[in-house]
K.L.:
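Take a look at the following structure, please.
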Amino acid sequence: MPLHIETPLIESRPLGLASGRTVLLKLDALQPAGSFKIRGIGAACEVHASRGARRFVSSSGGNAGIAVAHAGRRLAIPVTVVVPESTTARARQLIAQEGADLVVHGESWQEANEHALAMVGETDAFLHPFDDPLLWPGHATMIDEAARQGPRPDAVVLSVGGGGLLCGVVEGLRRNGWADVPIVAVETEGAASLQTSMRAGRRVALAAITSIATSLGAKQVCEQAFRHANERPIVTTTVTDAAAVKACLRFVDDHRLVVEPACGAALALAYDRAEVLAAHDCVLVIVCGGATATVAQLEAWATSLA
Ligand SMILES: *Cc1c(COP(=O)(O)O)cnc(C)c1O
């Protein structure tokens, strides 16, 4: 039994009407632990467990850390998550409620990550949030399911942080005979590491992340994601934080699901009838989810960004 669940694929009438085309939603917000991350991280944790790992170590204060904590609890393997001081109380609580040891260290993720790497012993496994080939076949299972559940889409819309989701979806499309289905890769304006790299023609590290969509806040996409983006049909685009938050709040009313702005970024393209979708009659939107946002937080962001 894998640690992730098969999630529903539904046609969204509200998003379809807003965007003027057929919109299919892959509802990975329904995963245990609240995001698609458990697909790849769950699979990777099972591999490490079968190789005899005695502890899982993560440095993610977001959905990856929550997924590692969840996987460890289910596999009865202790988990240590090192997070920076900037990690919200809500994220800390979600990690702690999965039973993981939470270590708070350093001002930024870099410092927390160095601390985590330094504590990885011989019998420990370190779980990277996006840059690990062990993760991507797990993420690809969402496309295996979509291929069984619905029609071939004309495009797949997904959000990009470090590019692990992108690598998984590319692998899933390829192994289901959908390699030529274009991907529309969405980032928020202050976290556009993929778009910046595509425009520069090389993998660029952003100086800073200035978006509230912290789950998209990798300063640099992984090499494999950049390679895929150069080798297959893909369009990169951005939305504002305000548009992403507004999409989350509309989604609460339309589909009764709370997701992070990281996911709202992908939804915003459909809600705002983005020009990049014009050529596609039927789009599959990956509803990647995210557990760290609350309705109150989304409303506070909407007010402060207005
Ligand atoms: C991690 C995450 C992303 C981005 O995934 P990457 O693999 O880093 O590109 C998007 N949305 C949510 C909710 C996430 O947790």
Side-chain angles (χ1 to χ4, degrees), residues 4 7 26-44 58-70 87-88 90-91 94-95 109 127-140 142 156-172 183-188 191-195 197 203 206 209 211-226 228-229 234 236 239 241 244-245 247-248 251 257-269 285-294 297-298:
H4 67 268
T7 57
K26 185 62 175 152
L27 293 177
D28 258 40
L30 296 174
Q31 288 293 348
S35 79
F36 77 95
K37 289 248 175 30
I38 190 62
R39 289 186 186 266
I41 285 177
S58 166
S59 60
S60 163
N63 296 302
I66 298 166
V68 176
H70 180 85
T87 305
T88 62
R90 161 100 179 145
L94 290 168
I95 292 164
W109 175 78
L127 279 299
H128 195 279
F130 55 84
D131 190 7
D132 182 346
L134 270 183
L135 303 175
W136 308 328
H139 293 337
M142 74 178 70
V156 176
V157 178
L158 53 76
S159 48
V160 172
L165 175 58
L166 173 64
C167 289
V169 167
V170 168
E171 180 163 342
I183 288 176
V184 180
V186 193
E187 296 167 293
T188 48
S193 47
L194 179 62
Q195 187 178 68
S197 296
R203 208 157 58 100
L206 301 176
I209 299 295
S211 169
I212 53 142
T214 49
S215 293
L216 304 185
K219 288 184 184 169
Q220 190 171 37
V221 291
C222 64
E223 227 177 285
Q224 183 62 66
F226 185 64
H228 281 315
I234 191 166
T236 65
V239 301
D241 278 352
V245 168
C248 291
F251 198 63
L257 282 172
V258 182
V259 299
E260 291 180 13
C263 176
L267 300 171
L269 281 201
V285 179
I286 306 300
V287 184
C288 48
T292 70
T294 60
Q297 170 82 86
L298 291 170

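Order of listing sets the numbers, starting from 1, for every ligand and every atom in it.
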K.L.:
CG of Leu165 to OG of Ser35: how many Å apart, nearest 0.5 Å?
P.N.:
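If I round to the nearest 0.5 Å, the distance is 9.5 Å.
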
K.L.:
Suppose we call two aromatic rings close when their centres sit under 6.0 Å apart. Are Phe226 and His228 close by that rule?
P.N.:
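Aromatic pair excluded; centres sit 6.0 Å or further apart.
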
K.L.:
Tell me which protein heavy atom sits closest to atom 4 (C) of ligand 1, plus the residue, atom name and distance to 0.1 Å.
P.N.:
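Minimum-distance protein heavy atom for atom 4 (C) of ligand 1 reads Gly161 N, 3.6 Å.
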
K.L.:
Check whether any heavy atom of Leu166 sits under 4.0 Å from an atom of ligand 1.
P.N.:
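It does not; every heavy atom stays at 4.0 Å or beyond.
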
K.L.:
Heavy-atom distances under 4.0 Å are what count here, so tell me which part of Val221 touches ligand 1: side chain, backbone, both or neither.
P.N.:
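It is neither part, as no heavy atom is under 4.0 Å.
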
K.L.:
Please report the shortest heavy-atom distance between Ile212 and Pro261, naming the atom on each side.
P.N.:
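Heavy-atom minimum between the residues: CD1-CG, 3.8 Å.
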
K.L.:
For ligand 1, which atoms sit closer than 4.0 Å to a heavy atom of Gly290?
P.N.:
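Every atom of ligand 1 under 4.0 Å from some heavy atom of Gly290: 13 (C).
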
K.L.:
With heavy-atom distances below 4.0 Å as the criterion, list the atoms of ligand 1 near Gly163.
P.N.:
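In order of numbering, the contacting atoms are 6 (P), 7 (O), 8 (O), 9 (O).
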
K.L.:
What atoms of ligand 1 come closer than 4.0 angstrom to any heavy atom of Gly162?
P.N.:
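Every atom of ligand 1 under 4.0 Å from some heavy atom of Gly162: 6 (P), 8 (O), 9 (O).
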
K.L.:
What is the nearest protein non-hydrogen atom to atom 15 (O) of ligand 1, stated with its residue, atom name and distance?
P.N.:
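In this structure, atom 15 (O) of ligand 1 has Lys37 NZ, 2.6 Å as its nearest protein heavy atom.
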
K.L.:
Counting each atom of ligand 1 from 1 as listed, which ones have a heavy atom of Val160 under 4.0 Å away?
P.N.:
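Counting atoms of ligand 1 from 1, those under 4.0 Å from Val160 are 9 (O).
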
K.L.:
Within the 4.0 Å heavy-atom shell around Ser159, which atoms of ligand 1 are there?
P.N.:
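Going through ligand 1 atom by atom, the ones under 4.0 Å from Ser159 are 10 (C).
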
K.L.:
Please name the pair of heavy atoms, one in Cys167 and one in Cys222, separated by the smallest distance, quoted to 0.1 Å.
P.N.:
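Minimum heavy-atom contact is SG-SG, 4.1 Å.
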
K.L.:
Glu187 and Thr236: side-chain donor and acceptor closer than 3.5 Å?
P.N.:
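Not at all, the side chains of Glu187 and Thr236 share no donor-acceptor pair under 3.5 Å.
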
K.L.:
For atom 5 (O) of ligand 1, grab the closest protein heavy atom and report residue, atom and distance to one decimal in Å.
P.N.:
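For atom 5 (O) of ligand 1, the nearest protein heavy atom comes out as Phe36 CZ, 3.6 Å.
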
K.L.:
Gly289 heavy atoms, cut-off 4.0 Å: which ligand 1 atoms fall inside?
P.N.:
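It comes down to these atoms of ligand 1: 13 (C).
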
K.L.:
Counting C-beta onward and ignoring hydrogens, is there a side-chain heavy-atom pair between Leu267 and Val259 closer than 4.5 Å?
P.N.:
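Heavy-atom side-chain distance check passes, below 4.5 Å.
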
K.L.:
Find out whether Ser60 and Val68 are in side-chain contact, i.e. whether some heavy atom of one side chain is under 4.5 Å from a heavy atom of the other.
P.N.:
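No, side chains not in contact.
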
K.L.:
Considering only the protein, which heavy-atom contact is closest to atom 11 (N) of ligand 1, and what is its distance?
P.N.:
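Checked against all protein heavy atoms, atom 11 (N) of ligand 1 sits closest to Cys288 SG, 3.2 Å.
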
K.L.:
Kindly indicate whether the side chain of Leu158, heavy atoms from C-beta on, has any atom under 4.5 Å from the side chain of Val186.
P.N.:
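No; the side chains remain at least 4.5 Å from each other.
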
K.L.:
Which of the atoms of ligand 1 are close to Gly164, meaning less than 4.0 Å from one of its heavy atoms?
P.N.:
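It comes down to these atoms of ligand 1: 6 (P), 7 (O), 9 (O).
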
K.L.:
Is it the case that ligand 1 has an N or O less than 3.5 angstrom from some N or O of Leu165?
P.N.:
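Indeed, backbone or side chain, Leu165 has an N or O that close.
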
K.L.:
Can you tell me which residue among Lys37, Arg39, His139 is in a side chain to side chain donor-acceptor pair (under 3.5 Å) with Asp28?
P.N.:
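Checked Lys37, Arg39, His139 against Asp28; only one passes side chain to side chain donor-acceptor pair (under 3.5 Å): Arg39.
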
K.L.:
Could you tell me which atoms of ligand 1, counted from 1 in the order shown, lie closer than 4.0 angstrom to a heavy atom of Asn63?
P.N.:
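Here the atoms of ligand 1 in question are 13 (C), 14 (C), 15 (O).
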
K.L.:
Checking side chain to side chain donor-acceptor pair (under 3.5 Å) between Thr292 and each of Glu260, Gln297, Arg90, which is the one that passes?
P.N.:
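Checked Glu260, Gln297, Arg90 against Thr292; only one passes side chain to side chain donor-acceptor pair (under 3.5 Å): Glu260.
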
